[in-house]
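To start, the structure under review is shown below, and the notes come after it.
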Amino acid sequence: MAAQKRKKLKTIVWVLLGGLVLFLLLVIFLSNVFVEPVLRKRLHTLIVEGSDSLYTYKLGGLHVDFFGGNVGVHDMQISVDSNRFYRLKQSGDLPSLIMQLNVNSAHIKGIGIFALLFNKKIVIDEILSTDADIRLSRYPKEIDTTAVVKEKLPLWKAIRPQIKDVLVKKIKLDGIKLLYKNSEGREGKLQFDRCDALFEDIRIDSASTRDVERIEYVRNFSFRLNDLKFRTSDSAYKLKAEWITYNSAKHLLEIDSFKLQPTLKNDERQDSMRKSWYTVTFDKVSFSGLRLDRYLRFNHAEADSVLFQNPSLSVYQDKLGQKSYESKIGKYPHQLLMKASTVIDIRKFVARNMQIAVTEKDETTREEGTINLNDINLTVSNVVNDPVLVQRNPVSTAEAEGKIIGSPIKAFFRFYLDSADGRFDVKGRIGPVAAAQINPISTRLANIEVPSVQIASLNFFVRGEDFGATSDVQMQYNGLSLIFRKRDELTGANKTRKFLTKLLNRYAINPSSPPAGATVSNVKVARLTTQTFFGVIWKAVFEGMQRVMLK
């Protein structure tokens with residue numbers, strides 16, 4: 001009896017073991033015969049049909065772990081179909097952002113096998129890759145308010161009925177390489193040696209399109225880019241930045257350790273025309289309230305505030321080159337803002353502890369003179385060019401406070417965005433200023449020595465437009481004297497023009513203003529078409545100063 005029981009138990013064990021083996025074989029069969037082909041088919045639907053055949057893809061291998069719900073992906077390439085790209089571009093249906101992807105290896109964790117096989121749903125816990133190259137190309141759309149907008153089939157409809165829903169909890173990309181270019185590379189390429197990106201709660205279904213908290217189908221995404229390298233298409237400038245980070249939930253973009261500089265040094269350039277060269281640096285800039293998706297999709301630059309920390313601007317011009325007579329009419333700052341191809345809506349622009357150095361090298365003396373503006377705090381409000389927003393508030397303001405050649409300066413600008421002729425006005429104050437501050441600049445650039453003067457204050461108000469400006473100037477000073485010099489073209493030595501100096505100091509110049517200061521009003525100046533915005537302001541103020549100082 002006991003022997004029969006043992007035999008029966010042994011039979012049951014063998015049956016169970018055989019059933020387990022058969023089950024394992026069935027699992028392997030299912031994973032090889034059903035899961036992999038179904039997954040390939042779903043990927044084809046999602047990538048090719050979901051992009052209206054813009055993309056093609058190749059997939060080297062899939063390794064399925066049926067029990068763990070994990071899939072290994074190898075040698076996956078997503079590329080652009082050139083013929084389809086051309087047709088979509090011609091019809092104006094090209095997406096604003098196009099991606100090309102090359103993945104050597106990736107891991108898909110927690111995939112819902114039964115949902116994939118029987119419910120036509122893609123449910124994934126995490127997609128991870130540390131070995132990928134991504135190329136992004138941006139094609140900003142020009143919005144025509146008069147055109148009839150064609151309704152584009154949303155992605156969740158395009159993939160049906162082959163795929164009902166897609167849910168991916170997390171996509172994590174660590175240490176990948178990223179290349180970004182804008183408008184077919186006309187503005188150069190941005191290359192990052194390392195990119196870490198995280199996309200969370202991706203849901204492709206009808207409900208996600210109504211979720212205002214999502215960007216397209218993504219609840220939140222963030223990235224961290226390291227070691228930006230950029231060179232303009234003409235190789236005139238090079239740019240670098242240490243870190244660029246963005247978080248869509250916080251709407252915050254930050255750039256650390258930025259520098260833009262010419263590729264050639266001052267003495268290496270050969271400018272046939274007078275050209276200004278710029279060097280820009282800052283420790284950090286923060287864009288708060290930034291909707292990066294609106295910039296990428298609609299070419300809208302929108303932010304609540306932009307804060308620059310310790311920015312520096314250097315401008316250098318060698319005046320030996322031929323003077324350019326290109327017209328600058330219509331190129332005031334607010335006029336350029338209104339003409340920008342990007343729709344801009346920045347409520348406040350702030351720069352703290354800004355340093356500006358403007359250097360000119362004289363064509364005759366070959367000496368350099370620099371005007372330094374230091375410790376400047378600048379706040380610009382209502383930086384907009386959207387016609388609707390301009391209609392609500394047509395005035396942009398800027399307030400600056402700092403030091404110019406070592407003396408305090410304050411200025412308040414008003415830019416009239418709805419003006420047809422570039423209307424603006426500026427009110428400011430400079431002083432006190434001593435001769436020792438003026439003399440290094442005047443001798444090098446104008447060959448005029450200022451041995452003595454003490455300017456207690458200079459107040460000005462300038463109203464300008466495209467073709468001229470009018471100024472009111474109030475000036476309080478004493479002890480003014482000038483020495484006019486002439487440079488000998490053969491020897492290069494400077495000689496004092498004694499007769500002219502004596503004549504002007506005695507008969508033409510008021511050495512001091514009245515104790516309360518002297519005021520002139522409605523001083524009109526005409527703008528040369530080649531004059532810049534600040535050139536017009538300086539011309540209007542200097543004309544008023546001359547009226548005060550000359551008898």
Side-chain angles (χ1 to χ4, degrees), residues 89 92-100 134-145 149 152 155 173 178-192 195-200 202 209 211-225 228 230 232 239 241 243-256 258 260 280 282 284-308 336-350 380-390 396 417:
K89 187 176 181 180
D93 296 325
L94 194 66
S96 56
L97 195 65
I98 292 177
M99 175 189 71
Q100 296 190 75
I134 298 178
R135 296 188 177 188
L136 298 176
S137 301
R138 177 172 170 264
Y139 298 87
K141 295 180 179 295
E142 296 182 1
I143 299 177
D144 184 359
T145 56
V149 180
K152 188 177 179 180
L155 177 59
L173 306 175
L178 176 65
L179 181 67
Y180 170 88
K181 65 178 182 178
N182 185 58
S183 300
E184 299 177 318
R186 289 196 298 265
E187 299 174 5
K189 299 177 181 180
L190 301 180
Q191 179 179 330
F192 303 91
C195 172
D196 300 327
L198 177 65
F199 303 83
E200 297 178 296
I202 303 152
T209 59
D211 188 347
V212 295
E213 296 298 324
R214 292 181 180 273
I215 300 175
E216 288 291 344
Y217 298 99
V218 182
R219 169 74 69 172
N220 180 42
F221 77 92
S222 58
F223 59 75
R224 182 175 173 86
L225 309 173
L228 164 64
F230 171 82
T232 56
L239 177 154
W243 290 102
I244 300 176
T245 59
Y246 178 73
N247 187 292
S248 66
K250 298 179 180 179
H251 300 301
L252 178 63
L253 173 68
E254 294 183 323
I255 303 174
D256 289 320
F258 176 93
L260 171 69
V280 180
F282 55 78
K284 188 175 184 178
V285 61
S286 301
F287 295 80
S288 300
L290 177 71
R291 290 294 303 270
L292 186 61
D293 60 306
R294 292 186 61 80
Y295 173 73
L296 294 174
R297 293 171 57 202
F298 306 119
N299 207 29
H300 284 206
E302 303 175 9
D304 293 335
S305 66
V306 180
L307 174 61
F308 282 86
L336 294 175
L337 170 65
M338 296 303 297
K339 294 176 182 177
S341 58
T342 301
V343 178
I344 299 173
D345 176 15
I346 299 175
R347 297 179 185 178
K348 186 171 288 188
F349 175 100
V350 180
V380 186
S381 301
N382 195 39
V383 184
V384 300
N385 61 8
D386 187 321
V388 176
L389 297 176
V390 170
S396 178
L417 303 176

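Everything quoted here is computed from the prediction, not taken from an experiment.
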A side-chain contact here means heavy atoms from C-beta on lying under 4.5 Å apart; do Ile134 and Leu179 qualify?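 No, their side chains stay 4.5 Å or more apart.
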Shortest non-hydrogen contact between [X] and [Y], atoms and distance:
X      : Y      : value
Ile244 : Phe192 : CD1-CE2, 3.8 Å
Cys195 : Leu225 : SG-CD2, 3.3 Å
Leu173 : Phe199 : CD1-CE1, 4.3 Å
Met338 : Val384 : SD-O, 3.9 Å
Gly289 : Asp304 : CA-OD2, 3.6 Å
Phe287 : Val306 : CD2-CG2, 3.5 Å

Go through the side-chain N and O atoms of Arg138 and Asn299 and say whether any donor and acceptor fall under 3.5 Å apart.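 Asn299 and Arg138 do have a side-chain donor-acceptor pair below 3.5 Å.
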Roughly how far apart are Phe298 CZ and Arg291 CZ, rounded to 0.5 Å?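 Phe298 CZ to Arg291 CZ: 9.5 Å, rounded to 0.5 Å.
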Measuring from Phe223:CZ to Tyr246:OH, what's the distance to the nearest 0.5 Å?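 Answer rounded to 0.5 Å: 7.5 Å.
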Does CZ in Arg135 sit with more than 12 non-hydrogen atoms of other residues, nucleotides or ligands closer than 6.0 Å?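 It does not: Arg135 CZ has 12 such atoms or fewer within range.
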With sequence neighbours left out, what residues match Tyr295 under ring-ring contact (aromatic ring centres under 6.0 Å, His included)?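 Partners of Tyr295 under the ring-ring contact (aromatic ring centres under 6.0 Å, His included) test: none.
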Of all residues at least two apart in sequence or in a different chain, which pass the ring-ring contact (aromatic ring centres under 6.0 Å, His included) check with Phe349?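 So Phe349 forms a ring-ring contact (aromatic ring centres under 6.0 Å, His included) with Phe308.
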Give a yes or no on whether the backbone of [Y] and the side-chain of [X] come within a donor-acceptor separation of less than 3.5 Å.
X      : Y      : answer
Ser305 : Lys348 : no
Asp256 : Trp243 : no
Ser222 : Ala197 : no
Tyr139 : Ile98  : no

Which donor-acceptor pairs under 3.5 Å do the side chains of residues 247-254 make with protein atoms, sequence neighbours left out?
| from | atom 1 | to | atom 2 | distance (Å) |
| --- | --- | --- | --- | --- |
| Asn247 | OD1 | Ala249 | N | 2.9 |
| Asn247 | OD1 | Lys250 | N | 3.0 |
| Ser248 | OG | Asn220 | OD1 | 2.7 |
| Ser248 | OG | Phe221 | N | 2.8 |
| Ser248 | OG | Phe221 | O | 3.1 |
| His251 | ND1 | Ser248 | O | 3.1 |
| Glu254 | OE2 | Ser286 | OG | 3.4 |

Any chance you could lay out the side-chain contact (heavy atoms from CB on, under 4.5 Å) test for Leu417 and Asn385, step after step, and finish with the verdict? CA-CA 8 Å; Leu417 303 176; Asn385 61 8; over 6 Å; no
Derivation of the salt bridge (charged side-chain N to carboxylate O under 4.0 Å, His left out) call for Arg224 and Asp196: CA-CA 5 Å; Arg224 182 175 173 86; Asp196 300 327; 5.5 Å; no
Cationic N near anionic O, under 4.0 Å, Glu302 to Arg294: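 Yes, charged N to carboxylate O under 4.0 Å.
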